[in-house]
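What you see is a predicted model, and the numbers here were worked out from it, not measured in a lab. Worth knowing before you read on, the calculation uses all heavy atoms, side chains too, and leaves out hydrogens, waters and symmetry mates.
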Amino acid sequence: MFASVRCAGLIGMQGFAAQVESDVQNGIPGFFLTGALSSETREAQYRVLNAIKNSGFQIKPKKITVNISPASNRKHGTLFDLPIAMAVLESLGELEQGACDELAFMGELGLDGSLKPVNGVLPLVSFFKKTGIKGVVLPEANITEAAVTEGVDIYGFSDLRKVCDFLKKTRSERTAPARTGSSGIDPEKNGSKNDKKSKNSPEKTFFLQKKLKSRIFRDGYPIEDGFSLLNPEDNDTGIPDISLVRGQRHLKRAAEIAVAGRHNILFSGPAGTGKTMLASCLPGIMPRLSREEDIEISMVYSVAGLLPRDRPLLGKRPFRAPHHSISMAAFLGGGMNGVPGEISLSTGGILFLDELPLFRREVLEGLREPLEERRIRIRRLRGTFEYPADFCLVASMNPCPCGRAGLKGLKNRCTCTEAQIRAYRSRLSKPILERIDIFAEARPLCFEDIAGADRREDSEEDSEKVRERVEIVRQIQQERFKDIPGVDFNGRMGIEETERFCVPERSAAELLREVFRIRELSGRTYHRILRVARTIADLDGKENIGEEQVMEAVNLRDLEARL
Amino acid sequence: MNEEKRCLYLLSCLPGMTNNRLMKLYQAAGSFAEAYAMEAEELVSLDGFDSLEKSFDFDGRKEREGRLIEELAGFERKGIRLISFLDGDYPKRLEGLPDAPCLLYVKGRLPSDEIPSAAIIGGRRCSGYGVYAAEHTAGLLSAGGVQIISGMALGIDSAAQRAALAGGHDSFSVLGSGVEVCYPGASRDIYELMAGGRGGVISEFPPYTPPEAWRFVSRNRIIAGLSDMVIVCEARKKSGTAITVEYALTYGRDVFAVPHRITDELGEGCNGLIRDGANILTDMDDLFSALGSGCEMAGSKAEKIRPEQKNLSNLARNEKMVYSRLDFNAKHIDEIMELADMPAGELLKALFGLETKGLARSSQGAYYRKVY
């Protein structure tokens, strides 16, 4: 007998529709699995057969052939276990023909028949929604992630047996609102009448789910408290508050400017001055995540298998700080199956490259395309994968290889030779430096900065205050760029936009001319200074770019000349 | 170029050859041409030349010779002159010194024998005070017609030479590498000026010799030798500066040291020199009178060493305030901001105003210091 079950595979973050076809014939008994499968997908044959047996079904000694079509697209991952099992069971006659219609399946099977979570649920469910599928059957642990996509019914199960029990029900029995089966009452009316007592009652849950535009089931029963499932508290934990960084006003101000206008920034300064600390605080001063942004970021994390299981979405701006020994593939994304790299995992947040000069040259060169286009295309033999890579680049470096140059006192003296320092600095390639708008110099900390005399402790702002200013600047920029596609922040302006939006006042223009003459700046830095000055003016609440803003922007580029 | 000098050049390029050995060879053979023509056995019979035998016996010597002669022709095109102690234009100051260099490579000019010369030296690691002392004395001395000699190193050396050159006067560098190698790279600006004729670049090593530690010790004796006086601006307890001072004392040159506070570790060497009997530098007059009659003084009376009060009347209020908060030593902008208590934009504008008026200088992106 022949059976076919719907599922989907992923190329990068892009879903493609797939069918698992199973055919049972007389012949020499055996199990054959085809369809351009990667090794972990091919292993499904052993998992599936054992899971079926251990769920209480008999497998007749027949020749079973399973094909996953389209057979030309490469499939990877373990999410095909469940659809294969369903197709086999249906073709063996254990399930009614057509029992799996209108549903899509995904999930990994254990040998005992248990369902285990898989990666990529978020993009896959939203793909199913696009293709018009009404319901998705998946592992229990993936329910929260799947429920983010509204308009698709989610059926989560803990094991294969329960899936089969569920599919043996008729269509109307499947979506029965309650465990107790109190189906006669209009749930909406009931829910609105008693509020507090029935908070967790099935009726109330059903009502909430209606509001969610999709229904969520666990092991065949509607989930209680589905609403709070999708709206957990903020996930800002783990991001240190910026007030923990003591002193360093110049550095903090530079970071605020960078974040507000999405300028790429390089911190320079001796070791132990709080560069890394400050960088890790920056997600906390970026504008709050909107739901759309959260979903976009979480898609990448879903494919990478890095989403927390207990929450539907990541819920915070990412902060990624890869070590400088990182490989090309881990940094940019790649591998046979095209997994997202660090640059994509930091999308919407901060990509922090500590000790920038120590990164491999080809790794840094690989940054050029994503910095320009804000996404990365990875070309592989099997196809091209595309991921977002819309991050704010924060890099840091020491003034010398030993990291002590600039520190006071003789004990901490820098021991580098001039040649070593030159070699260290020359590792920074010009094209990368050209994409960095802001250079900020950390100051060696004195005792008061760290131990915090009262006066200073009061003056440290917390992240929330800084974020308020950043949010305002973001609104200004949204208004400014509303008619210009592809530009959303000052740091992303091309030359055309820069000349349109960054006209300095007459006195400021003259001052700038003077600065260029005295400091012998190259013409290329002109537009970058203006872009940064624009953000500073936005932060200062100025409509036009004045002398102060120009001077501050110039200062934030001064260091470049010495690199 | 005569045969004698060519042979001297070829000899000096032999591996393992030192200035001392060249001198010995010359004395033993009577001339460099004869020394170069010597057979190996003959050479070994000379005292202390065992290790040189190999180089003299070297199979590819003829081939090597061809290449060296070719290079020699190239030097002329590059403006490099070879001056041996047999030549008439060999510096008078070096004549008669026990370890005078046999051969000098010069790009640009040699310091004139008629005009007084002073070496200004100090450590690579230095304070703003040391740099001030170097710049100020170099500026005043060169304005008074004194030739400034130093080693182009980071820190005090290059600060002094840069100040002399900036004042429109000449300066001379003695290098620990060949004259075609600009070391350190950060001194390229003054190297080009001096090599281009605003003074000169001098070395006893063949033009493309890379810098090595021992060569700097050797070049220090030439710095001391070429100067009438050595001024130590800033030196730690143990430093290369001490070697130069030692040579200077051997050669009978005046040694002046800039006094430092007892708390300054960077100035310990200077104070030590003063304790041991070096002249203390407190007044420009002392320098000029020590240099003696050959020195035409700038103006009728020698200038004072203390910074003169700058005219601050044309400064804006903010600029005055910021200026008063600056120091010899570079301060981070955070520190200045705290001291002056004004927002970053205004502060930077004031600092730039001071910079254009020549009163402040930014040393790294966020560091500023006072200019006197």
Side-chain angles (χ1 to χ4, degrees), chain A residues 247-254 257 266 268-269 399 405-406 408-410 413-414 417-419 421-422 438-446 448-449 455-456 459 507-508 511 514-515 517-519 533 536-537 540 542 546-563, chain B residues 123-125 127 152-155 158 177 181-189 210-213 236-237 263-266 268 316 318 322 329-338 341-358 360-368:
Chain A
Q248 304 294 12
R249 278 163 70 180
H250 170 70
L251 207 63
K252 279 172 156 182
R253 166 88 170 164
I257 295 166
L266 173 71
S268 164
K408 284 182 184 140
L410 288 178
R413 200 168 54 227
C414 165
T417 65
E418 202 217 350
I421 294 176
R422 202 170 30 203
I438 298 179
F439 295 80
E441 176 92 9
R443 164 197 188 188
L445 293 177
C446 58
E448 277 71 29
D449 291 319
R455 182 177 60 85
R456 297 198 185 182
S459 65
S507 61
L511 185 63
E514 188 69 1
V515 169
R517 194 178 63 76
I518 300 245
R519 297 250 168 103
I536 298 171
D540 291 353
K542 296 263 167 62
E547 297 179 33
E548 283 82 9
Q549 286 81 38
V550 164
M551 276 323 296
E552 206 175 342
V554 167
N555 181 252
L556 291 173
R557 281 214 76 79
D558 260 1
L559 190 66
E560 189 202 12
R562 289 166 186 87
L563 292 178
Chain B
R124 278 172 294 177
R125 206 178 131 78
S127 68
M152 219 167 79
L154 292 176
S158 56
S177 57
V181 181
C182 172
Y183 180 88
S187 299
R188 182 158 290 281
D189 55 335
E212 279 169 87
R236 278 181 289 140
K237 222 177 196 167
T263 51
D264 291 353
E265 277 181 85
L266 288 172
E268 248 179 298
N318 271 350
V322 172
N329 297 318
K331 279 184 183 163
H332 191 277
I333 185 154
D334 274 7
E335 202 178 339
I336 308 172
M337 221 187 312
E338 270 161 34
D341 196 27
M342 60 170 75
E346 264 176 62
L347 173 68
L348 288 163
K349 198 181 136 198
L351 281 169
F352 181 69
L354 291 171
E355 198 179 332
T356 53
K357 296 182 180 85
R361 192 182 295 166
S362 84
S363 67
Q364 271 178 54
Y367 287 87
Y368 282 83

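Between L348(B) and E548(A) the shortest side-chain heavy-atom distance does not fall below 4.5 Å. Between F352(B) and I518(A) the shortest side-chain heavy-atom distance falls below 4.5 Å.
Taking E212(B) as the reference, W214(B), R215(B) meet the side chain to side chain contact (heavy atoms under 4.5 Å, CB included) condition, with sequence neighbours excluded.
Between R517(A) and E355(B) there is no salt bridge, since no side-chain nitrogen of the basic residue lies less than 4.0 Å from a carboxylate oxygen of the acidic one.
In terms of heavy-atom proximity, D334(B) sits nearest to R249(A) at OD2-N, 2.7 Å. Annotation for K349(B) and M551(A): closest pair CA-CG, 3.6 Å, computed over non-hydrogen atoms.
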**Item:** Check against salt bridge (Lys or Arg N to Asp or Glu O under 4.0 Å), K331(B) and E441(A)
**Value:** CA-CA 12 Å; K331(B) 279 184 183 163; E441(A) 176 92 9; over 6 Å; no
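For the options R253(A), R422(A), R519(A), heavy-atom pairs under 4.5 Å to chain B are most numerous at R519(A).
Summarising the local packing, CZ of R124(B) is surrounded by 12 or fewer heavy atoms from other residues, nucleotides or ligands at distances under 6.0 Å.
Contact annotation for V515(A): both backbone and side-chain heavy atoms come within less than 4.5 Å of a heavy atom of chain B. For L347(B), no part lies near chain A; criterion is any non-hydrogen pair under 4.5 Å. Heavy atoms closer than 4.5 Å to chain B are found in the backbone of A442(A), but not in its side chain.
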